[in-house]
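Computed from heavy atoms alone, side chains included, the values below leave out hydrogens, waters and symmetry copies.
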Protein chains: 2
Amino acid sequence: MPLESVDISKTASAATIIFDALKKAIIEGEIEEGAPLRQDEIARMFNTSRIPVREAILRLEEHGLVRSQRYKGAVVSSLSSTEASEIFDFRAVLEPHVIHHAVPRMTRETLAQARGFCEAFHRETDPMQWGDLNRQFHATLYDASGLTYHLEAIDGALNRIDRYLRAQLVLSRGMSRANDEHMQIQEACERGDADKAAELTRQHILGARDSLILHLSSITG
Amino acid sequence: MPLESVDISKTASAATIIFDALKKAIIEGEIEEGAPLRQDEIARMFNTSRIPVREAILRLEEHGLVRSQRYKGAVVSSLSSTEASEIFDFRAVLEPHVIHHAVPRMTRETLAQARGFCEAFHRETDPMQWGDLNRQFHATLYDASGLTYHLEAIDGALNRIDRYLRAQLVLSRGMSRANDEHMQIQEACERGDADKAAELTRQHILGARDSLILHLSSITG
DNA sequence: TTATTGCATATTGGATCCAATTTACAATAA
DNA sequence: TTATTGTAAATTGGATCCAATATGCAATAA
């Protein structure tokens, strides 16, 4: 047939649109911890009824991003420093395994793309962009592993601590240190040294954990 | 006050009841892979409207237990052998770490309770019970770690492959082999040998993976 | 026969309404 | 004042209704 087949972009459901928007706002810290999510307030913001809002909130709760009590509503989840620390440890177990599996499967395109993000991260002057570029760099390397279940679990863990990671990058030496470590990881991957890439990744995560915990305890005592 | 304080068992919401029931039925294989979940059919079964059913199905989807397409409904997720294999690998990364962390934190009660499940598993003659006792044994040991985020992730992974694990235990040497390995893990924990417990756990999982994959490929080719 | 079209039915997504519960606050009593 | 009680408003959970889409089948044309 002479017509080009065009992907009719089936507009997502209202519930999905609201879910994505709330997820982004919560992850990036736009809504603060403990803040309540009022169903009809959100419904008005999206010009829908409360039904898709409730579905979005339910899905967020399954990911641990909000906590809700019957008849009392949902609030954005907060993390104690021990909970945050455990999630870093979780990442420190999974991510070295994933990158080790990924290194022998990385293509030239993978490495070029990762290097692009790595350098963009280095050059970027807007702190609001650091968090995204950081995640894109790591995700590009990890994606080569093809371990979709692992990747989803890592993504969920990152979502839970994303606002802390962003705060961390703004700290005195957070950005420059992350940048140095990214460069080392990138180079290990380019050399095909899976063991080194895995160990550097582990230390990258545990270092971030320790510096964050130190920071949190210096604030709250 | 002279009255005993009694926990008024606040009846769970309809959505939660339906969610739990569907989750159990899917995990245990009572509903077969690919089977559609009709909203009003389920609603009639629970004497509710479709609203709580939809919420339950949405939550199941977030856990990967069902897949749904817009206007087409939800079906029970199926797993390819490569997907199943990856989930075993995922467990093989996390569970040794968790038990290693748990061993020095195990109390006499922990060990006694685990030994109870271990022996009950050994004695049990009803294959329908094997799956539960197997999970209870491991969960008892893991719980001592206090790593709640890890435990949730492991639980989610187990839910995805539970029906295969159950099938596996019924295979020729599945039950007796699992039993031997449980005994060794139990003894390592009682000796306080965290390294050994972790390594045995790793082999326990990878052995199950290999035997399952072998079995699946012998069926489907 | 075989493929295609059109329509009736089935099913899901969302809006609106009502019920159940919590929360805020005023009224009252110690 | 301070604690307690009662009531109204706010909020969530669920039921019912309508809209949007998919599915199955009969009718038709090649």
Side-chain angles (χ1 to χ4, degrees), chain A residues 1-3 5-23 25-26 31-32 34-77, chain B residues 1-3 5-23 25-26 31-32 34-77:
Chain A
M1 67 176 61
L3 286 176
S5 69
V6 179
D7 253 341
I8 300 283
S9 63
K10 46 177 75 174
T11 62
S13 68
T16 299
I17 293 173
I18 296 172
F19 172 74
D20 289 340
L22 287 179
K23 187 170 109 176
I26 292 172
I31 312 178
E32 63 183 359
L37 301 178
R38 299 291 171 210
Q39 293 177 7
D40 57 358
E41 178 186 352
I42 297 169
R44 276 194 302 273
M45 289 167 56
F46 288 90
N47 284 314
T48 66
S49 73
R50 282 165 43 226
I51 295 287
V53 176
R54 281 157 58 173
E55 297 183 347
I57 290 176
L58 279 177
R59 291 169 61 185
L60 290 170
E61 187 172 14
E62 295 307 306
H63 286 297
L65 292 174
V66 309
R67 293 183 195 287
S68 62
Q69 285 181 300
R70 192 144 127 105
Y71 294 118
K72 292 174 100 177
V75 299
V76 176
S77 295
Chain B
M1 67 177 61
L3 286 177
S5 69
V6 178
D7 253 343
I8 300 284
S9 63
K10 45 177 77 171
T11 62
S13 68
T16 299
I17 292 173
I18 296 172
F19 172 73
D20 289 340
L22 287 178
K23 186 171 111 176
I26 291 172
I31 312 177
E32 63 183 0
L37 301 179
R38 297 292 170 211
Q39 292 178 6
D40 56 359
E41 177 185 354
I42 297 169
R44 277 194 300 273
M45 290 167 56
F46 288 90
N47 285 313
T48 67
S49 74
R50 282 164 43 225
I51 295 286
V53 176
R54 281 156 59 173
E55 297 184 347
I57 289 176
L58 279 177
R59 291 170 61 186
L60 290 170
E61 188 172 14
E62 295 308 305
H63 287 297
L65 292 173
V66 309
R67 292 183 197 287
S68 61
Q69 286 181 298
R70 200 172 184 208
Y71 294 118
K72 291 175 96 177
V75 298
V76 176
S77 295

_To check you understand the geometry: which heavy-atom pair defines the closest contact between A:Ala15 and A:Ala56, and what is its length?_
O-CB, 3.8 Å
*Contact summary for A:Ala12 and A:Ile17, nearest pair of heavy atoms*: O-CD1, 3.8 Å
*Report the residues that fulfil side chain to side chain contact (heavy atoms under 4.5 Å, CB included) with B:Ala21, sequence neighbours left out, ordered by chain and then residue number.*
B:Phe46
Rounding to a whole Å, what distance do you find between [X]:[atom1] and [N]:[atom2]?
{"X": "A:Arg70", "N": "C:dA19", "atom1": "CZ", "atom2": "P", "value": "16 Å"}
{"X": "A:Gln69", "N": "D:dT11", "atom1": "CD", "atom2": "C1'", "value": "14 Å"}
{"X": "B:Arg38", "N": "C:dG13", "atom1": "CZ", "atom2": "P", "value": "11 Å"}
{"X": "B:Phe19", "N": "D:dG13", "atom1": "CZ", "atom2": "P", "value": "15 Å"}
{"X": "A:Arg44", "N": "C:dT16", "atom1": "CZ", "atom2": "P", "value": "13 Å"}
{"X": "A:Asp40", "N": "D:dA9", "atom1": "CG", "atom2": "P", "value": "16 Å"}
{"X": "A:Tyr71", "N": "C:dA19", "atom1": "OH", "atom2": "C1'", "value": "8 Å"}
{"X": "B:Gln39", "N": "D:dT21", "atom1": "CD", "atom2": "P", "value": "16 Å"}

*Side-chain N or O of A:Lys72 closer than 4.0 Å to phosphate OP1/OP2 of D:dT12*: no
*Under the side-chain hydrogen bond (donor to acceptor under 3.5 Å, both in side chains) test, residues paired with A:Ser13 that sit two or more places apart*: A:Thr16
_Those residues of residues 49-62 of chain B lying under 4.0 Å from DNA chain C by at least one heavy atom_ = B:Arg50, B:Ile51, B:Arg54
_Test of understanding: with salt bridge (Lys or Arg N to Asp or Glu O under 4.0 Å), list the residues that count as partners of A:Glu61, not counting sequence neighbours._
none
_salt bridge (Lys or Arg N to Asp or Glu O under 4.0 Å) partners of B:Arg50, counting only residues at least two apart_ = none
Heavy-atom side-chain contact between [X] and [Y] under 4.5 Å:
{"X": "A:Val76", "Y": "A:Glu32", "answer": "no"}
{"X": "A:Val53", "Y": "A:Thr48", "answer": "yes"}
{"X": "B:Leu37", "Y": "B:Val75", "answer": "no"}

*asked:* Just to be sure I understand the rule, does B:Ser68 reach a base, reach only the sugar-phosphate, or reach nothing, if contact means heavy atoms closer than 4.0 Å?
replied: nothing
*Hey, does A:Leu37 reach any base, or is it just sugar-phosphate, or nothing, if we go heavy atoms under 4.0 Å?*
sugar-phosphate
*Based on Watson-Crick and G-U pairs with both distances under 3.5 Å, what dot-bracket line describes DNA chain C 5' to 3', crossing pairs as [ ] and inter-strand pairs as |?*
||||||||||||||||||||||||||||||
